[in-house]
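Since the structure comes first, as structure tokens, the remarks are kept for the end.
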Amino acid sequence: MASSPTESSTQTPLSRIACVLCRSRKVRCDKRPSGCLSCQNLGVRCPGYSKSNISSDQIGDHGTVDDIFRAAGIERRKNGACQECRHSKNKCDQARPQCQRCQAKSIPCIYIAKHKNAQNAVQSYTDDIGVDNDDIQQLQEPRSSSNATNSVSNEQQLVDDFSWLFAPVLPKGRLLRTVVESYFTHIHPLRILGFLHKPTFIKAVDNERVYSEFGEPLLYIICALGARFMAINHTKSPISSQSPSRVPGALWGQHSRRLVQGICCTPSVQNLMAMVLYSEYGLRIGDHSFVFMLSGCCYRMSRLLRLDIEPHRTYPMTSPTDITIQESQRRLLWSCYLLDSFIGSGVDSNLCWVDHAPSIRLPCKGPDFTNQLWTTPAYLEIDKGRQLITDTEFDLRGQIIRVAYLRTQILRYIRTSPESNSDVPLWAQGSRFLNFLSQLETWHQSLPQLLVYRDINIYIHRDQGNLGPFYFLYLVYHACVSDLTRITLAGYNFPLAAALTHAPADFKARYQKMCFDHAQSISQLLRDGIKYGIESLDDYFTATAAFESTKIQVVFLATLARGNHTIYNQVVENLRTNLNVLTLVHPYPDMPNVYLSALCPFLAHFGFSELAAEWEPLRNTGPLFPITSIHPTPEPGDDQSHTEVVGPREVSYLNQIATFRLARSEISRYKISRPQTGEVSFQGGSADNPRGSGDLSYTIGQHTLQLGEITNVSRNNATSNDPANPVEISQSHFGLPTEPDFLPLDEAEYLRMADEISGYMTWNGWLEFPIGDYPAI
């Protein structure tokens with residue numbers, strides 16, 4: 001039935017424009033004269049319909065949008081999650097200035113403004129990290145189509161000045177791609193860390209699917225590793241002069257550490273990748289105790305994921321995706337093996353793979369992995385006598401695994417006493433000592449032509465991006481020979497050295513010279529590495545090789561070549577090279593340079609006081625042992641601390657830079673800085689010295705070795721190999737009663753270390769456990 005004219009004339013027409021609040025919120029409005037339904041559903045009074053231009057916040061006479069919600073007693077829902085929740089794909093309560101999730105996890109909370117000139121981007125902790133809100137806003141703003149050219153130039157400027165490397169959240173777009181490429185240039189080629197299929201990962205970055213396909217922990221630790229090398233390669237000023245809060249990617253590394261803590265209990269391939277890469281990162285920044293525990297978790301998780309069992313499939317597989325996934329997982333397991341090998345350092349109780357290695361295929365060649373090609377399987381063949389079989393020709397990564405296996409067995413061997421070995425004398429034909437040397441020589445002689453150390457191969461591997469692993473291969477080889485033969489030198493009183501008590505003099509002299517020659521070869525490799533490219537020093541084992549090479553050359557010169565000026569000048573040049581490398585591999589102040597802290601007193605103790613004083617200011621940390629000065633020749637009764645030739649039996653003869661000893665030192669610092677209240681006290685030191693300063697003095701054969709004065713040491717019997725007369729540890733009244741590696745720290749260092757260690761010893765209820773397997777590639 002049609003309406004009457006009277007009813008039509010009384011009906012109020014709808015407005016032609018939306019209400020002010022709906023226009024501000026950019027939502028559909030039903031334009032009812034009495035108030036729109038959208039405002040009614042929100043529970044606020046509709047502000048009406050005004051034709052005047054308004055901004056997103058100001059709505060004319062009614063004030064702002066917040067005023068309307070405040071008058072209605074309703075909290076306005078903010079538009080947009082914080083960056084952290086957005087990246088992790090978690091629900092954000094959008095509270096300002098810090099959401100509940102970020103507050104619970106103690107991480108920076110950043111809200112990015114939508115418009116370039118808006119000033120509502122809020123960041124917490126900016127004073128702590130030294131990043132301005134304007135810098136973060138500039139990093140995260142979306143690119144406008146009207147000024148695309150300016151955006152490109154601004155982005156290039158950000159790439160060049162590296163200011164974005166200090167932001168608490170990861171960048172996007174080209175900046176993210178840049179730092180990821182840095183990781184693939186420096187870390188990916190090392191050892192067997194190339195378990196990620198680079199084209200697949202870069203594709204996920206470009207398509208903005210890297211979080212969902214690979215996970216947040218893996219991406220953060222990749223960016224943290226890549227950031228460290230970017231500034232090293234491009235900076236024009238000494239990085240060590242910067243404050244610790246200005247270390248590139250340090251905030252990303254801290255965040256990845258918190259994430260790794262939460263995924264240790266969630267077995268998946270991508271979580272295992274993040275754990276292995278954080279172990280690599282932790283060794284570079286001195287997070288030794290966490291890395292030592294994490295390496296054991298990596299072994300257990302790889303067992304749970306059954307990565308150590310080769311799948312029973314018909315080869316060759318037809319699917320490139322299946323080929324890539326299987327190869328990626330094999331490389332991941334071999335990375336776990338090498339991590340365990342170098343952290344265990346030949347101590348059976350610290351090793352997960354003790355006298356065996358994974359029985360899976362060795363990694364295929366890099367181009368085959370990149371091109372998703374199937375290759376003929378190759379295995380690490382070991383006979384019943386735990387000796388390598390050299391019939392198969394391996395590529396670079398396969399050779400690295402072989403020589404790493406030999407080094408582990410050698411370090412285990414020198415820690416066994418002669419009584420526990422049903423072995424013939426070391427100098428007799430067929431002894432394990434000579435068999436190891438024979439294996440190393442056979443391995444070295446059977447290397448393919450591409451892996452022979454010569455100039456053209458150096459340029460080839462540099463062009464292929466493999467200069468780091470190429471140098472690592474030869475550093476480990478020379479370290480294997482010197483690690484085994486150093487038991488013939490004075491002071492290296494490993495248990496096996498007792499078997500040399502009645503060894504012929506010519507036998508000891510021969511292998512003393514061999515040990516010295518290979519230590520010199522390490523120095524020459526490092527010198528060449530600096531010449532051909534700093535990327536040759538990317539592996540953290542470089543510092544270990546330089547450290548042991550320095551000690552061996554100093555001991556040889558002091559005991560066997562005293563007065564030989566030719567060898568002295570040669571050794572001094574080598575020492576300068578080694579110390580220079582130990583400085584180059586520690587460019588940032590976030591990690592104490594434990595290598596220089598141990599070597600400076602050692603060099604002064606053996607008569608190289610000028611050299612020690614030259615590198616003393618570059619240690620960027622307090623000494624490993626408390627010393628007040630460096631004297632050329634310590635006076636009798638002097639409390640100056642000296643360093644050791646070999647570690648004590650209580651720590652399985654590990655040196656001062658071994659991961660286990662450094663981890664124990666971190667725990668000791670934590671105990672000292674956080675004394676227990678009760679009967680049990682962990683405070684070190686005596687009543688005369690409550691600070692617990694250790695004063696270690698190491699002597700060889702009851703006589704301190706000095707370059708200028710060596711007494712009671714003959715050329716043919718310069719080795720004290722009797723276990724009953726080891727390298728003595730004489731402590732002064734400042735010494736700790738039980739732990740010789742307790743390290744004194746100032747108050748600021750105490751608080752920093754306590755805060756770091758407490759972070760992974762306290763369970764965080766807000767930690768999330770992403771579940772998922774390695775994505776299909």
Side-chain angles (χ1 to χ4, degrees), residues 182-183 185-194 221-222 224-229 232-233 239 247 249-250 253 256-257 275-292 294-295 298 334-345 400 403-404 407-408 411 466-476 478-479 483 522 525-526 529-530 533-550 578-599 620-621 654-663 666:
S182 176
Y183 161 82
T185 300
H186 296 279
I187 299 297
H188 183 78
L190 299 180
R191 301 189 302 281
I192 319 296
L193 294 179
I221 189 57
I222 284 176
L225 285 166
R228 294 181 70 85
F229 288 96
I232 293 176
N233 294 340
I239 303 177
V247 176
S256 67
R257 189 182 193 275
M275 293 163 59
V276 171
L277 288 184
Y278 184 82
S279 299
E280 177 76 15
Y281 180 80
L283 290 172
R284 295 174 184 273
I285 66 171
D287 195 3
H288 299 285
S289 53
F290 186 46
V291 170
F292 185 82
L294 198 60
S295 63
C298 291
W334 284 116
S335 295
C336 294
Y337 171 74
L338 292 184
L339 176 66
D340 175 71
S341 173
F342 285 96
I343 289 181
S345 301
I400 286 175
V403 72
R407 181 174 183 269
T408 300
L411 293 179
N466 290 327
L467 194 58
F470 182 67
Y471 269 87
F472 171 79
L473 178 70
Y474 277 91
L475 286 175
V476 177
H478 291 295
D483 285 342
I522 291 176
L525 280 172
L526 299 178
I530 298 175
I534 195 66
E535 60 270 21
S536 63
L537 311 177
D538 284 347
D539 201 289
Y540 71 86
F541 180 76
T542 301
T544 302
F547 180 84
E548 288 296 344
S549 169
T550 299
N578 294 353
L579 293 173
N580 186 31
V581 168
L582 292 176
T583 305
L584 291 175
V585 298
H586 282 75
Y588 299 118
D590 60 338
M591 177 181 176
N593 197 329
V594 294
Y595 306 97
L596 292 182
S597 298
L599 285 180
N620 76 18
T621 180
L654 293 170
N655 58 30
Q656 305 102 306
I657 64 170
T659 302
F660 178 74
R661 287 192 66 179
L662 293 174
E666 292 176 11

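We use all heavy atoms of the structure for the numbers below, so side chains are in, but hydrogens, waters and symmetry mates are not.
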Item to check | Those residues that, when tested against Ser341, pass side-chain hydrogen bond (donor to acceptor under 3.5 Å, both in side chains) (two or more places apart) | outcome: Thr408
Checklist entry - Roughly how far, to the nearest 0.5 Å, is OH of Tyr278 from CG of Leu283? => result 9.5 Å
Checklist outcome for this item: Of all heavy-atom pairs linking Leu525 and Tyr471, the shortest is O-CE2, 3.2 Å
Next on the checklist: So, using side-chain hydrogen bond (donor to acceptor under 3.5 Å, both in side chains) as the criterion, who are the partners of Glu548 when residues are at least two apart?
Outcome noted: Arg486, Asn655
Item to check | By side-chain contact (heavy atoms from CB on, under 4.5 Å) - contacts of Pro469 (at least two apart) | outcome: Pro189, Leu190, Leu396, Ile400, Asn466
Checklist entry - Could you state the interatomic distance from OH (Tyr281) to CD1 (Ile221), rounded to the nearest 0.5 Å? => result 6.5 Å
Item to check | ring pair (Phe, Tyr, Trp, His ring centres under 6.0 Å) partners for Phe342, two or more places apart | outcome: Phe472, Phe541
Checklist outcome for this item: Contacts of Val581 meeting side-chain contact (heavy atoms from CB on, under 4.5 Å) (sequence neighbours excluded), chain-then-number -> Leu526, Ile530, Leu537, Thr542, Val585
Checklist entry - Just by distance, do the side chain of Asn593 and the backbone of Leu582 share a donor-acceptor pair under 3.5 Å? => result yes
Checklist entry - In chain order, what residues pass the salt bridge (charged side-chain N to carboxylate O under 4.0 Å, His left out) check against Asp539, with sequence neighbours excluded? => result Arg191
Checklist entry - Among all residues two or more places apart in sequence or in another chain, which pass the side-chain contact (heavy atoms from CB on, under 4.5 Å) test with Thr583? => result Leu596, Trp615, Leu618
Checklist entry - side-chain contact (heavy atoms from CB on, under 4.5 Å) with Asp340: which residues, sequence neighbours excluded? => result Leu351, Cys352, Trp353
Next on the checklist: If I take atom CD1 from residue Ile285 and atom CZ from residue Arg257, how far apart are they, to the nearest 0.5 angstrom?
Outcome noted: 7.5 Å
Checklist outcome for this item: Residue set satisfying side-chain hydrogen bond (donor to acceptor under 3.5 Å, both in side chains) with Tyr183, at least two apart, ordered chain then number -> none
Checklist outcome for this item: Residue set satisfying side-chain hydrogen bond (donor to acceptor under 3.5 Å, both in side chains) with Thr550, at least two apart, ordered chain then number -> Asn578
Next on the checklist: Looking at Glu666 and Ser289, would you say the former's side chain and the latter's main chain have a donor-acceptor pair under 3.5 Å?
Outcome noted: yes
Item to check | Reported CG-to-OG distance for the pair Leu654 and Ser345, which is rounded to 0.5 angstrom | outcome: 5.5 Å
